[in-house]
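So you know, we letter chains A, B, ... as the sequences are listed, proteins then strands, and number each from 1.
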Protein chains: 2
Amino acid sequence: MVLNANYTHKKIIKAAHKLFMDLGYRAVSTRRIAEACGITQPTLYHHFSNKKAIYMEVLRTELVDMQNALSRIIKRFEDDIEECLFQVTYYILINKPPSMGQMFHDIQKELDQEHQGIVRKWWMESYQDPIASIFEKGINDQKLRNPSEIGSDPVSSAYLLLSLISSRNTDYKLKESLAKEQARFYVKVILYGLSQSNGQ
Amino acid sequence: MVLNANYTHKKIIKAAHKLFMDLGYRAVSTRRIAEACGITQPTLYHHFSNKKAIYMEVLRTELVDMQNALSRIIKRFEDDIEECLFQVTYYILINKPPSMGQMFHDIQKELDQEHQGIVRKWWMESYQDPIASIFEKGINDQKLRNPSEIGSDPVSSAYLLLSLISSRNTDYKLKESLAKEQARFYVKVILYGLSQSNGQ
DNA sequence: AAAACAGTCTATCGATTGATAGATATGTAT
DNA sequence: ATACATATCTATCAATCGATAGACTGTTTT
């Protein structure tokens, strides 16, 4: 075959992605990744310089995919902020939940300062900016409170929503219907709160 | 000395607590714990049967302390739900923030099913039940919406608040004033939401 | 005084880890 | 056909891990 490298490369990333997200960086050995690919462990080092490089590539593809997905959703529902937040929440809840806490943990604990900076940039582009843009539009359209009123701003609102989504009570694989319910709940609370004195 | 064991025991838990919460279970070796105590690594095994037993004792003391602190705060501010939520949020934010995500990660990834069950019981007693009791009182006093309205209930509301508190953007050591601001923000959002159409 | 125990130490075990050396086979370019 | 590059392999390294064996010391119990 002409370029087997590309194929094996992708196979490694795919297997490593699942393992890293399921079990965490430290709990996944290079031998286990190789085994999942049907190759031997030293072969990994022909395609990647070290374990961390594999992990970085896993993160990069993961975050690029998320950026594309969220951009698509936001463009489609941008006129209705509640529906837009729901669709985004639902999408992330269905596709990512258990990985997210894991991911943040590993980024913070296993990567050095330099690599953290790189990943943080990717993460801002894929999660923070798109979601913050929803809230920003809501503020501009006067559908959300003025930031000065409550101390909110688009970015911290985005963090807020992401905190809920990546919360630890979503360990289990969410069924679609349950995830829908959960997403509706999160969006309702973020927009209207739990207090009695609100219309809808 | 008559009972040096008790002293060393506590010294180990204290050092292990800091290390486990800062770096995570897997990243902390028994040698490092011993070094932080000024003893040798095998000595740990005279006081604890294995590494996991040290971690379990760390969790137990941590959660018992939290239970006492939260009970005290809730008793003191139970008449004003917003102030009560603020005080609880602020206390946790000041005392615990980076540890929490770490803790949940380790409990889920490093402990077997049996130990997870034990810790989960401790965690419910220390965090979930006290905080849920605040929301329950709010519902009974008709200050919060009826659960059927929005899909909320005291327990999932407690989860909601804890998700915000343990969110990843609180890595750094929070300054007191900043933590106050953060806590007010969280409580406002949970009670009143970000939407425009609200009183207060 | 003798026996038992508590608490710490040194030395070491077997397993696993990330990573490298170097051989081999296959395909490409000259 | 020869030379080179790619992709994989076997074998192995040094480091680190959690844990144990067994000696030594001081205190408590009998």
Side-chain angles (χ1 to χ4, degrees), chain A residues 1-59 102 105-107 109-112 114-116, chain B residues 1-59 102 105-107 109-112 114-116:
Chain A
M1 254 165 279
V2 153
L3 268 189
N4 208 344
N6 205 8
Y7 172 69
T8 306
H9 188 98
K10 283 181 182 166
K11 200 168 57 175
I12 292 171
I13 293 302
K14 189 175 169 188
H17 183 281
K18 176 159 178 50
L19 287 168
F20 281 141
M21 295 305 171
D22 282 355
L23 307 171
Y25 181 81
R26 240 185 160 85
V28 173
S29 70
T30 52
R31 282 167 180 80
R32 187 145 181 201
I33 298 172
E35 185 194 16
C37 302
I39 60 178
T40 61
Q41 182 246 7
T43 300
L44 292 178
Y45 288 83
H46 180 262
H47 298 272
F48 297 91
S49 61
N50 51 37
K51 185 184 176 185
K52 194 154 60 187
I54 301 178
Y55 187 59
M56 287 294 283
E57 179 65 8
V58 165
L59 289 179
Q102 186 74 258
H105 173 273
D106 288 337
I107 290 169
K109 298 296 170 180
E110 310 290 352
L111 299 182
D112 55 48
E114 187 194 333
H115 289 88
Q116 274 188 37
Chain B
M1 252 166 282
V2 153
L3 266 190
N4 210 343
N6 204 10
Y7 172 68
T8 306
H9 188 99
K10 283 180 183 166
K11 201 168 56 176
I12 293 170
I13 292 303
K14 189 177 169 186
H17 183 280
K18 175 160 179 48
L19 287 168
F20 280 141
M21 294 304 169
D22 282 355
L23 308 171
Y25 181 83
R26 238 187 163 85
V28 173
S29 70
T30 52
R31 282 168 180 79
R32 188 147 180 199
I33 298 172
E35 186 192 18
C37 302
I39 60 178
T40 61
Q41 182 245 8
T43 300
L44 291 178
Y45 288 82
H46 181 263
H47 297 273
F48 297 91
S49 60
N50 52 38
K51 185 184 177 186
K52 193 153 65 190
I54 301 178
Y55 187 59
M56 287 293 284
E57 179 64 8
V58 164
L59 289 179
Q102 185 75 258
H105 173 273
D106 288 339
I107 290 169
K109 298 295 170 180
E110 309 290 352
L111 298 182
D112 53 47
E114 186 193 336
H115 289 89
Q116 275 190 36

Next item on the list: Classify the angle between the aromatic ring planes of B:Phe20 and B:Tyr25 as parallel (below 30°), tilted (30 to 60°) or perpendicular (above 60°).
Entry: parallel
Item checked: Aromatic ring pairing A:His9/A:His47, orientation class (parallel under 30°, perpendicular over 60°, tilted between) -> perpendicular
Notebook entry, point to check: Which is it for A:Phe48 and A:Ile13 under the side-chain contact (heavy atoms from CB on, under 4.5 Å) test, yes or no, and what are the steps along the way?
Noted result: CA-CA 10 Å; A:Phe48 297 91; A:Ile13 293 302; 3.5 Å; yes
Next item on the list: Could you tell me whether the phosphate oxygens of C:dT8, OP1 or OP2, come under 4.0 Å of any side-chain nitrogen or oxygen in B:Thr8?
Entry: yes
Next item on the list: Using atom NE2 of A:His46 as one end and atom C1' of D:dT6 as the other, report the distance to the nearest whole Å.
Entry: 5 Å
Next item on the list: Using a 4.5 Å cut-off on heavy atoms from C-beta on, say whether the side chain of B:Arg32 contacts that of B:Leu23.
Entry: yes
Next item on the list: Please determine if a side-chain N or O atom of A:His47 lies less than 4.0 Å away from the OP1 or OP2 oxygen of D:dT8.
Entry: yes
Note to self: Between A:Thr43 and D:dC9, is there a contact of a side-chain N or O with OP1 or OP2 at under 4.0 Å?
What the structure shows: yes
Next item on the list: Give every residue pair that meets the side-chain hydrogen bond (donor to acceptor under 3.5 Å, both in side chains) criterion with at least one member in residues 11-24 of chain A, sequence neighbours excluded.
Entry: A:His17-A:Glu62, A:Lys18-A:Asp22
Item checked: Whole-Å distance separating the CZ atom of A:Phe48 from the C1' atom of D:dT6 -> 16 Å
Notebook entry, point to check: Rounded to whole angstrom units, what separation is found between the CD atom of A:Glu110 and the P atom of C:dG18?
Noted result: 11 Å
Next item on the list: Side-chain contact test, heavy atoms from C-beta onward, threshold under 4.5 Å: evaluate it for B:Glu57 versus B:Ile12 and give yes or no.
Entry: no
Item checked: Secondary structure string for DNA chain C (Watson-Crick or G-U under 3.5 angstrom, | for other-strand pairs) -> ||||||||||||||||||||||||||||||
Note to self: From CD1 of B:Ile12 over to C1' of D:dG18, roughly how many Å is that when rounded to an integer?
What the structure shows: 15 Å
Checklist line | Nucleotide C:dT8, atom P - distance to OH of B:Tyr7 in whole Å | finding: 10 Å
Check: What's the shortest heavy-atom distance between A:Ala16 and A:Ile54, and which atoms?
Finding: CB-CG2, 3.7 Å
Next item on the list: Take atom CG of A:Leu19 and atom P of C:dG18, then tell me their distance rounded to the nearest Å.
Entry: 12 Å
Item checked: Nearest-Å distance for atom pair CG/C1', residues A:Leu44 and D:dT6 -> 16 Å
Margin query: By nearest atom, which of the nucleotides C:dT8, D:dA19, D:dC9 is closest to the A:Pro42 side chain?
Written below: D:dC9
Margin query: For a 4.5 angstrom cut-off between non-hydrogen side-chain atoms, does B:Lys52 reach B:Asp112?
Written below: yes
Note to self: Looking at A:Gln116, I'd like to know if its CD atom is crowded, meaning that more than 12 non-hydrogen atoms belonging to other residues, nucleotides or ligands lie closer than 6.0 Å.
What the structure shows: yes
Notebook entry, point to check: By a strict heavy-atom criterion of less than 4.0 Å, which residues belonging to residues 29-41 of chain A are in contact with DNA chain D?
Noted result: A:Arg31, A:Ile39, A:Thr40
Item checked: B:His9 NE2 to C:dT8 C1', straight-line distance once rounded to whole Å -> 17 Å
